[in-house]
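Heads up, the thing below is written out as structure tokens.
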Amino acid sequence: MKKFDLAIIGAGPVGLFCANFAHLHGLNTVIFESLSEVGGQPKLLYPFKQILDIPSYSSISAQELITNLQKDAEHNAKFILNHRVESIKESNKEFVIDNSFIVKSIIIATGTGFFSPKKFPLKVDNEIEKKIHYYVKEPQIFAHQQIGVFGGGDSALDWAIELANQPGTKIKLIHRRKVFRGLESSVKKLQNLKNVEIKTPYLPKSIELSDNQLNIGLKEMGSNDIISAKFDQIVVAYGFRANNQFVKKWGVNLTNNHIEVSRTMETNIPGIYAVGDVVTYPERVPLIGLGFGEAQIAVAAIMRTLFPEKTLTIHSTSI
Ligand SMILES: Cc1cc2nc3c(=O)[nH]c(=O)nc-3n(C[C@H](O)[C@H](O)[C@H](O)COP(=O)(O)OP(=O)(O)OC[C@H]3O[C@@H](n4cnc5c(N)ncnc54)[C@H](O)[C@@H]3O)c2cc1C
């Protein structure tokens, strides 16, 4: 079995920062991520968005923030991707993870939880499925195409803007309500783009493949009118299902999909900590910067517990 001082579960922004801060304190760390890539919500849901509230950056794209955190963390921890942590058992004041790893302490940084996209609500075969995207990782592959973007939140608006910026694209943004849930400024931007048409309130009712294009029947809400629209590919941004129920199997208490923690970010199980969006306490706000601070509190608490004989050095410059 492989041995580590610390296991971090979840490689979103907060898990990644945790790995870097744990390394500064000399902790031998392993980090598990259930998906094939790190980055959590910023990487999956809003990679192109400029984030304005990360200290010391007046503006940084979500993608760039994750790249920076990942670059540092790669040297500082052992990464295990495509690994959804299933079991944690306590034995002799240590923890055994998935019967393969022995660790002295654990930080849960699973955010909103293991997530999967809400699917396009029509039955599709394999050929059609290939033209349906739930994430946009390489917007340039959509150049010179007719694209349908389905959804009304920030991700749908961000992806529509990003795809509209690619050469030769024509975008239809389709939402079942008249009003979008996302930022008003993004809606305004889209309204002013010549290659973007906004279709509200419409719902997809039928889909078929003809001449290598998707032919989608769109029903106007509140009427029986159906129009047909042709797309080379579509992007579906109906949100994600996520849950953290799995932590209950580990003996960790969960309240409304969140973990309650002490002032040192410790859960009900001594030695298991939680940070980032998975955590709840009065007045907590789901922001990356706050998660970074929680990571520092948790790592400092782990250092005090694992190495009580050491004087805890707080500042990185003195470590
Ligand atoms: C559209 C949108 C815009 C936002 N804009 C901002 C903003 O401008 N500024 C800001 O500060 N915040 C913003 N946020 C909030 C911010 O994204 C979150 O606060 C942040 O992502 C929380 O980070 P995290 O690392 O705790 O969790 P997450 O980002 O959710 O990452 C958790 C990771 O854990 C993994 N995981 C889950 N379960 C397991 C398991 N069992 N085993 C292994 N891995 C697992 C997941 O796959 C995921 O990669 C925004 C959120 C959204 C949705």
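Because the structure is predicted, anything quoted here is derived from the model rather than measured. Counting convention: from 1, in listed order, for ligands and their atoms alike.
- Heavy atoms of Ser155 found under 4.0 angstrom from ligand 1: none, in either backbone or side chain.
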Would you list the atom pairs, donor with acceptor, under 3.5 Å between side chains in residues 180-196 and any protein atom, with sequence neighbours excluded?
| unit_1 | atom_1 | unit_2 | atom_2 | d |
| --- | --- | --- | --- | --- |
| Asn192 | ND2 | Lys188 | O | 3.2 |
| Asn195 | ND2 | Ala164 | O | 2.9 |
| Asn195 | ND2 | Thr169 | O | 3.1 |

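- Ligand 1 has no atom lying under 4.0 Å from any heavy atom of Lys43.
- Listed for the Thr29 side chain is a donor-acceptor partner under 3.5 Å among the backbone atoms of Leu27.
- Note on ligand 1: Pro13 sits in its first shell, one or more heavy atoms being nearer than 4.0 Å.
- Ion pairing of Glu197 with Lys170 is absent here, as no side-chain N (NZ or NE/NH1/NH2) approaches a carboxylate O to less than 4.0 Å.
- Considering only non-hydrogen protein atoms, atom 27 (O) of ligand 1 sits nearest to Gly111 CA, 3.2 Å.
- For atom 6 (C) of ligand 1, the nearest protein heavy atom (residue, atom name, distance) is Tyr46 OH, 3.6 Å.
- Atom 42 (N) of ligand 1 has Val85 N, 3.1 Å as its closest protein atom, hydrogens excluded (heavy atom only).
- When non-hydrogen atoms are compared, ligand 1 lies under 4.0 Å from the side chain of Asp53 (C-beta onward) but not from its backbone.
- Neither the backbone nor the side chain of Glu86 has any atom closer than 4.0 Å to an atom of ligand 1 (non-hydrogen atoms only).
- Listed by chain and residue number, Glu127 satisfy the side chain to side chain contact (heavy atoms under 4.5 Å, CB included) test with Lys130 (two or more places apart in sequence, or in another chain).
- In terms of protein heavy-atom proximity, atom 39 (C) of ligand 1 is closest to Thr110 CG2, 3.6 Å.
- The environment of Tyr57 atom OH is sparse: at most 12 non-hydrogen atoms of other residues, nucleotides or ligands sit within 6.0 angstrom.
- Atom numbering of ligand 1 starts at 1 in the shown order; those under 4.0 Å from a heavy atom of Pro286 are 15 (C), 19 (O).
- Nearest protein neighbour of atom 35 (C) of ligand 1, counting heavy atoms only, is Glu33 OE1, 3.3 Å.
- Counting only non-hydrogen atoms, the option in Leu290, Leu69, Asn243, Val14 that gets closest to atom 25 (O) of ligand 1 is Val14.
- Ligand 1 has no nitrogen or oxygen under 3.5 angstrom from a nitrogen or oxygen of Phe246.
- For the pair Val85 and Phe101, the minimum side-chain heavy-atom distance is 4.5 Å or more.
- Among Arg84, Gln41, Glu37, the residue whose heavy atom lies closest to atom 29 (O) of ligand 1 is Gln41.
- Contacts of Ile9 with ligand 1, taken as heavy-atom pairs under 4.0 Å, involve the side chain alone.
- At the top of the distance list for atom 34 (O) of ligand 1, counting protein heavy atoms only, stands Gly10 CA, 3.2 Å.
- Protein heavy atom in closest approach to atom 45 (C) of ligand 1: Ser34 OG, 3.5 Å.
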